[in-house]
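The sequence lines fix the lettering, A, B, ..., with proteins before strands; numbering per chain opens at 1. Reckoned from all heavy atoms, side chains included, excluding hydrogens, waters and symmetry mates.
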Protein chains: 2
Amino acid sequence: MASETVENYLKGIYAIEKHLDGKGVSTNAIAEHLQTKASSVSDMLKKLKQSGLVDYKKYHGASLTAEGRSKAIEIIRRHRLWEVFLVDKLNFKWDEVHDMAEQLEHVEGKALSDRLDAFLDFPRFDPHGDPIPDAEGRIRDDRQKQALSTLATKDRGVVVGVLDSSAPFLKYLDHLKLKLGTSLLVEEVIDFDKSVKIIVGKQSHSVSHQFAKNLLIQKEA
Amino acid sequence: MASETVENYLKGIYAIEKHLDGKGVSTNAIAEHLQTKASSVSDMLKKLKQSGLVDYKKYHGASLTAEGRSKAIEIIRRHRLWEVFLVDKLNFKWDEVHDMAEQLEHVEGKALSDRLDAFLDFPRFDPHGDPIPDAEGRIRDDRQKQALSTLATKDRGVVVGVLDSSAPFLKYLDHLKLKLGTSLLVEEVIDFDKSVKIIVGKQSHSVSHQFAKNLLIQKEA
DNA sequence: ATATATTTTTAGACTAATCTAATTATTAGT
DNA sequence: ACTAATAATTAGATTAGTCTAAAAATATAT
């Protein structure tokens, strides 16, 4: 009976943990991620510890327990499956699905996500290129992905994901005719501001370093 | 921004209103329907009136305003569409979908229900035979349905709906090989206890009056 | 190592929705 | 019309989650 709020905390802590290695997630980081106040987070961490979902020592941050992590992964699984459904079956665009998936992910029922998974033919990635955990919570993602900003002049690669899935960024990608699977060539990396000239199809575009940091590429040999 | 709770109140009041004609729905009736206490209902009715969703005079019951009714119908639309999805696409059985639909119905987004509707090919009835309101909230159900309990000996008809969609009742129907569209013949109505002998396919069954009151039939000429 | 800055926690209040118990209105029976 | 029964409302408490402001702990800088 995890409440929606609890689920959002678990998901948030999981997301922050991924970027850190090992150590506890700070109260402030959680507060910022969830757009709430540190005091609320402190309160909630006490409860989550009580429920055995996080390890938590006052003033020393929190980390998910095995149970907490498993719940977080199930929510991420649901979120990404629903996104696939919304895009592939209901024909929404990839910049339109986040808010709906954010609600759908809280609908309970293990059978529901498993059957949805089967109905969608066990997709491995969601519309933004993020890997979808399988029914046992395993996340298998063996792609060698790296930010466009880490490529060098003349490197060639394929778009495999984004680090920013906000609507503005995704719409800009659409504008540049960039989607998952699109090939591109790095024509030039400008030393001055680290902006990148890329060639997509027959078009050449100059994109900012900020942009390049958020686009994930699988480099071609 | 109607909360889930508010949506459930509107749906509940709508359901009760249908059985009554015209007059206000009583506090107690709502409390019973929503499995809550009359005092909670009193509180909530004040708020719903405040929001313009119900007309309400203390001690004299409540009724939906046009806006409240429209919201209620949208929720019923979502509920029934999701039920179709769960049964037709995810292969759940008709006795398994209620709780999931109960959660899914609260997911917001007019585009969501409309696209789901299209994806399902604009179904007119849900898996229990209840009509699905269209995108404009119109409920078109021109079937001449009546409870099995109102049929007479030798009457013939087709199952078109249920008044009780609880899992036990639906499972019993499965057991009797009765589903939407199944033809049956009333072999005999027992005067003593109003139980009904029906013939389904080659099988003859005796069902209680209680049962017969909950099965909706379209009589054949 | 100590003062300062930062982070985190606590204390106390607020909101939405609920409950129980007590009170007040309405309805029904004679 | 008056009393008894029923139904509905209010009063006051409770819970989950949040907030602000104040206090306490930890981290940083010289």
Side-chain angles (χ1 to χ4, degrees), chain A residues 1-13 16-17 19-64 68 71-72 75 102-103 105-106 108, chain B residues 1-13 16-17 19-64 68 71-72 75 102-103 105-106 108:
Chain A
M1 299 293 116
S3 76
E4 222 161 286
T5 308
V6 165
E7 294 188 344
N8 285 334
Y9 270 90
L10 295 176
K11 189 166 57 120
I13 296 169
I16 301 165
E17 263 187 350
H19 294 289
L20 279 48
D21 25 80
K23 38 198 351 79
V25 171
S26 80
T27 301
N28 268 349
I30 299 171
E32 173 150 19
H33 188 91
L34 298 181
Q35 296 276 71
T36 183
K37 300 295 172 189
S39 55
S40 309
V41 175
S42 268
D43 285 349
M44 184 55 75
L45 288 179
K46 261 182 272 177
K47 293 176 197 164
L48 294 177
K49 177 183 180 170
Q50 206 56 30
S51 321
L53 297 169
V54 306
D55 290 320
Y56 170 55
K57 273 273 173 55
K58 274 186 199 176
Y59 293 101
H60 291 89
S63 60
L64 294 173
K71 279 195 196 300
I75 295 153
E102 204 75 6
Q103 298 176 69
E105 73 188 9
H106 300 295
E108 310 246 339
Chain B
M1 303 290 117
S3 76
E4 223 160 285
T5 308
V6 165
E7 293 187 345
N8 285 333
Y9 270 90
L10 295 177
K11 189 166 57 122
I13 295 168
I16 301 164
E17 262 187 354
H19 294 289
L20 278 48
D21 25 78
K23 38 201 345 86
V25 172
S26 79
T27 300
N28 270 348
I30 298 170
E32 173 150 18
H33 187 92
L34 298 181
Q35 297 276 71
T36 185
K37 300 295 172 190
S39 55
S40 308
V41 175
S42 268
D43 284 349
M44 184 56 74
L45 288 179
K46 261 182 272 176
K47 294 177 197 164
L48 293 177
K49 179 184 178 169
Q50 205 55 30
S51 321
L53 297 169
V54 306
D55 290 321
Y56 169 55
K57 272 272 174 54
K58 273 186 203 178
Y59 294 100
H60 292 90
S63 60
L64 295 172
K71 278 195 197 300
I75 295 154
E102 204 74 4
Q103 297 177 67
E105 74 189 8
H106 299 295
E108 311 247 339

Residue set satisfying side-chain contact (heavy atoms from CB on, under 4.5 Å) with B:Lys57, at least two apart, ordered chain then number -> B:His60
Atom OH of A:Tyr9 and atom C1' of D:dA16 are separated, to the nearest Å, by 11 Å
Rounded to whole Å, the CG-C1' distance (A:Leu34 to D:dC19) equals 15 Å
Contacts of B:Glu7 meeting side chain to side chain donor-acceptor pair (under 3.5 Å) (sequence neighbours excluded), chain-then-number -> B:His106
Discussion item. Check this one for me: any side-chain N or O of B:Tyr56 less than 4.0 Å away from OP1 or OP2 of D:dT9?
Written reply: yes
A:Asp43 CG to C:dA13 C1', in whole Å, measures 13 Å
- Query: Under 4.0 Å between a side-chain N/O of A:Lys58 and OP1 or OP2 of C:dT10, yes or no?
  - Reply: yes
Whole-Å distance, A:Lys57 NZ to D:dA25 C1', equals 15 Å
Those residues at least two apart in sequence (or on a different chain) that pass side-chain contact (heavy atoms from CB on, under 4.5 Å) with A:Asp43 are A:Lys46
Salt bridge (Lys or Arg N to Asp or Glu O under 4.0 Å) filter on A:Lys49, not counting sequence neighbours, yields none
Side-chain atoms of B:His60 come closest, of D:dT10, C:dT26, C:dT9, to C:dT26
N/O donor-acceptor pairs under 3.5 Å from side chains in residues 34-42 of chain A, not counting sequence neighbours:
none

Report task. For residues B:Leu48 and B:Tyr9, determine if any side-chain heavy atom of one lies less than 4.5 Å from a side-chain heavy atom of the other. Result -> yes
Here the distance between atom C1' of C:dA17 and atom CD of B:Gln50, to the nearest Å, is 17 Å
Sorted by chain and residue number, the salt bridge (Lys or Arg N to Asp or Glu O under 4.0 Å) partners of A:Glu102 (sequence neighbours excluded) come out as A:Lys11
Between NZ of A:Lys49 and P of C:dT9 the distance, given in whole Å, is 11 Å
Across all chains, not counting sequence neighbours, the side-chain contact (heavy atoms from CB on, under 4.5 Å) partners of B:Ser51 are B:Leu53
Between CD of B:Glu4 and P of C:dT18 the distance, given in whole Å, is 11 Å
Kindly give the atom pairs (protein nitrogen or oxygen, nucleotide nitrogen or oxygen) under 3.5 Å for nucleotides 14-16 of chain C.
none

What nitrogen or oxygen pairs link the protein and nucleotides 20-22 of chain C at under 3.5 Å?
residue	atom	partner	partner atom	Å
C:dT20	O4	B:Ser39	OG	3.1

Across all chains, not counting sequence neighbours, the salt bridge (Lys or Arg N to Asp or Glu O under 4.0 Å) partners of A:Glu4 are none
B:Lys46 atom NZ is separated from D:dT9 atom P, nearest whole Å, by 8 Å
List, with names and distances, any nitrogen or oxygen atoms from the protein found under 3.5 Å away from nitrogen or oxygen atoms belonging to nucleotides 2-7 of chain D.
none

